[in-house]
Amino acid sequence: MNSKEYPKIGIRPIIDGRLGGVRESLEEITMNMAKNVADLFSSELRYPNGDPVNCVIADSCIGGVKEATNCAKKFKKENVGVSLSVTPCWAYGTETMDFDPHLPKAIWGLNSTQRPGAVYLAATLAAHNQKGLPAFSIYGKDVQDMEDQSISEDVKEKLLQFARSGMAVALMKGKSYLAIGSVSMGIVGSAIDPDFFQEYLGMRNEYVDSTEVFRRIEKDIYDPEEFQKALEWTKKHCKEGEDYNEEGKQRSREEKDEDWEFVVKMTLIIRDLMDGNPKLKEMGHGEEAFGHDALVSGFQGQRQWTDFLPNGDFSEAILNSSFDWNGIRAPYMVATENDSLNGISMLFNYLLTNTAQIFADVRTYWSADAVKEVTGWKPEGDAKNGFIHLINSGSATLDGSGKMTKKGESVLKPFWEIEEQDVKACLKATTWYPANRGYFRGGGFSSKFLTEGGMAVTMCRINLVKGIGPVLQIAEGWTIDLPEEVNSSLDDRTDKTWPTTWFVPRLTEAEAFRDVYSVMYNWGSNHGAISYGHIGKDLITMASMLRIPVNMHNVEAEKVFRPSAWNAFGMDNEGSDFRACAAYGPLYQ
Ligand SMILES: C[C@H](O)[C@@H](O)[C@@H](O)C(=O)CO
Ligand SMILES: [Mn+2]
């Protein structure tokens, strides 16, 4: 996507409008605050295509309503999706405030006592709160001279947390979730709730029956040259594993070769359904060339498709990875089992980090005693309190093997930081086993890797709860390594042809994080979306922008950053989150 098409961050320099000395003395300082923040955002934040985030500054400082409305017009024209007001001085709250009900907004009032920047901040936040337009408050801890135009570390952190989360909100607006197929095995997340998408995320829902994938395979509605290139790459880099199906259930070599061709075609077609492909227009398929403008999709697969056709695991895994036959590229967000709520959870993580995502069943809690009982090994170190087995066939990115490195550490990274050796290492760590024919009667292949331990990760999940609406749950923690024989023993008890991640959440005093068992027990669904890094604070900030309450998290209290209005809903932060979200209702209602 061309970065000009992405939403921008709008910056509003707010000034005391009194001419005859006051305003004149502040013009340069105020405009410089805006320019410095714009430089910060463009240097620190990237769009999903890797380009620096674009900022738009109002044409003039805003001292009154006329300049405020001029700025609003400019922001609309420039596709501004996030709004930040900055000021070193007093100004007139309701005359200068940002009135747009859909723009995530914040105000930075400089803590410099020569002029009352903090007073403007408080006065205007009061206006925002009274008018039901919640805004984030940014105010530095230490007084700085007005002439000191640097951005202190604590202010920088808040500005970036706000901007990352606001940009994620803006990037979702107007884009689609594409459901390919419908409900998978009674998984309620694959029964799309269009009101959630429309009212909370500002997103559209697109639907195609799975037969559309089949039609395009049958009618060769995909790029034949790319198919050949993709098949060659797949044969060379995607090593097939042993067939663990019992004798009578194994597909012949010929059938497996046909399956490889089939799943490669599925991959091209699912991508084209999401993004479109101009090549299809050249081939005379003008309508198919458009695609469905989907930022995220879900493939039902089970059961009707997989009961007679090769499964979607190859397609989901490759599309979720940051590379394919065309080289290193941004990952696609594709949910297996068409679990749209886990697809959105993956999308939240992705838009906040620009890294590929692991889709997993939250499959098993292993207590230390149970591990000792089964393997003879008494868990120690990070595993001593037990751990959770995250595993699902299909949508786990191959980046999730943790074979990419940065300064010698296992990481997942934005595609523009990935190097060829990272790709090779991930492919080498992945084996593609013939699909379990008990589950996948139609055959296909499942990706298998074991995630490297020692990575900070965050698992999240959106759940829809009758009477509340959407709630978000978040568990920060780490991946862990188990001794080889312990890993094999536990993994072999499950589905050894699927990707495995051993996960330990950070434990806290909170009930749901009292121990590892409680995290599993309180998880609201069979699935979770796992991102590299501890990104819980950004998820919490973003959720508050969307008015989605967070029902469970283990993020340190000092990192929780929500609109100032939330404070008015009580002193218990987590309870006030629910009360505020209920009071404001969905962002796009
Ligand atoms: C193959 C199996 O049906 C799996 O798809 C099943 O265990 C799930 O992943 C359920 O979420
Ligand atoms: Mn699953």
Side-chain angles (χ1 to χ4, degrees), residues 179-192 210 241 243-246 249 251 259 263 266 270 296-317 319-320 333-347 349 357-366 388-397 400 431-449 451 459-464 473 475 490-503 520-521 523-531:
I180 305 171
S182 64
V183 178
S184 172
M185 300 181 292
I187 293 173
V188 73
S190 48
I192 309 291
S210 301
D243 190 338
Y244 290 120
N245 289 294
E246 58 194 77
K249 285 195 170 180
R251 287 178 62 87
D259 284 357
V263 298
M266 279 175 71
I270 291 172
V296 52
S297 70
F299 183 66
Q300 175 195 341
Q302 300 174 78
R303 293 243 322 257
Q304 291 74 28
W305 177 282
T306 56
D307 278 358
F308 85 113
L309 290 172
N311 66 3
D313 288 6
F314 174 82
S315 305
E316 294 158 7
L319 289 171
N320 272 307
M333 292 300 118
V334 180
T336 193
E337 298 153 19
N338 192 26
D339 183 345
S340 65
L341 296 178
N342 222 55
I344 288 303
S345 305
M346 293 166 83
L347 183 64
N349 291 345
Q357 297 298 311
I358 295 173
F359 178 119
D361 269 359
V362 185
R363 171 117 176 202
T364 312
Y365 161 67
W366 279 99
I388 293 173
H389 190 182
L390 303 177
I391 177 173
N392 205 112
S393 81
S395 285
T397 174
T431 304
W432 299 86
Y433 289 97
N436 175 332
R437 301 292 308 284
Y439 286 136
F440 304 112
R441 299 173 189 166
F445 300 91
S446 292
S447 48
K448 166 64 181 190
F449 59 75
T451 299
M459 179 161 76
C460 83
R461 169 72 192 191
I462 277 273
N463 294 301
L464 295 182
Q473 55 187 155
L490 301 187
D491 203 25
D492 288 357
R493 292 166 71 98
T494 63
D495 292 282
K496 61 186 173 186
T497 62
W498 297 352
T500 267
T501 303
W502 302 110
F503 171 64
M520 174 93 182
Y521 187 76
W523 205 253
S525 154
N526 50 325
H527 289 145
I530 296 94
S531 185

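As the structure lists them, so they are numbered: ligands from 1, and atoms in each ligand from 1. Atoms considered below: every heavy atom in the structure, side chains included; atoms not considered: hydrogens, waters and symmetry mates.
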Where ligand 1 meets F440 - atom numbers and elements under 4.0 angstrom, heavy-atom basis: 1 (C)
Straight-line distance of T497 OG1 to Y244 OH, nearest 0.5 Å: 8.5 Å
Proximity of H389 and W366 rings by center, below 6.0 Å: no
The Mn ion (ligand 2) - closest N/O/S atom in D361: OD1
Check: N311/T306 side-chain N/O donor and acceptor closer than 3.5 Å: no
Aromatic centroids of Y433 and F445 separated by under 6.0 Å: no
Ligand 1 atoms in contact with N392 (distance to a heavy atom under 4.0 Å): 9 (O)
Gap separating the CH2 atom of W523 from the CG atom of N463, nearest 0.5 angstrom: 8.0 Å
Which atom of S184 lies closest to which atom of S190, heavy atoms considered: N-OG, 3.0 Å
Contact check: Q302 vs ligand 1, nitrogen or oxygen atoms, below 3.5 angstrom: yes
Reported OG-to-CE distance for the pair S395 and M333, which is rounded to 0.5 angstrom: 9.5 Å
Contact partition for I187 relative to ligand 1, non-hydrogen atoms under 4.0 Å: side chain
Contact check: D361 vs ligand 1, nitrogen or oxygen atoms, below 3.5 angstrom: yes
M185 to ligand 1, any heavy atom closer than 4.0 Å: yes
Within 6.0 angstrom of R437 CZ, more than 12 heavy atoms from elsewhere: yes
Metal check, the Mn ion (ligand 2) vs N392 N/O/S, cut-off below 2.8 Å: yes
Subset of ligand 1 atoms that lie under 4.0 Å from at least one heavy atom of N526: 10 (C), 11 (O)
Proximity flag H527 to ligand 1, non-hydrogen atoms under 4.0 Å: yes
W498 and Y439 aromatic centres sub-6.0 Å: yes
Protein contact to atom 9 (O) of ligand 1 [nearest heavy atom, distance to 0.1 Å]: E337 OE2, 2.8 Å
D339 near the Mn ion (ligand 2) via N/O/S, less than 2.8 Å: no
Considering only N, O or S atoms of E337, the one closest to the Mn ion (ligand 2): OE1
Ligand 1 versus W498: contacting region, heavy-atom distance under 4.0 Å: side chain
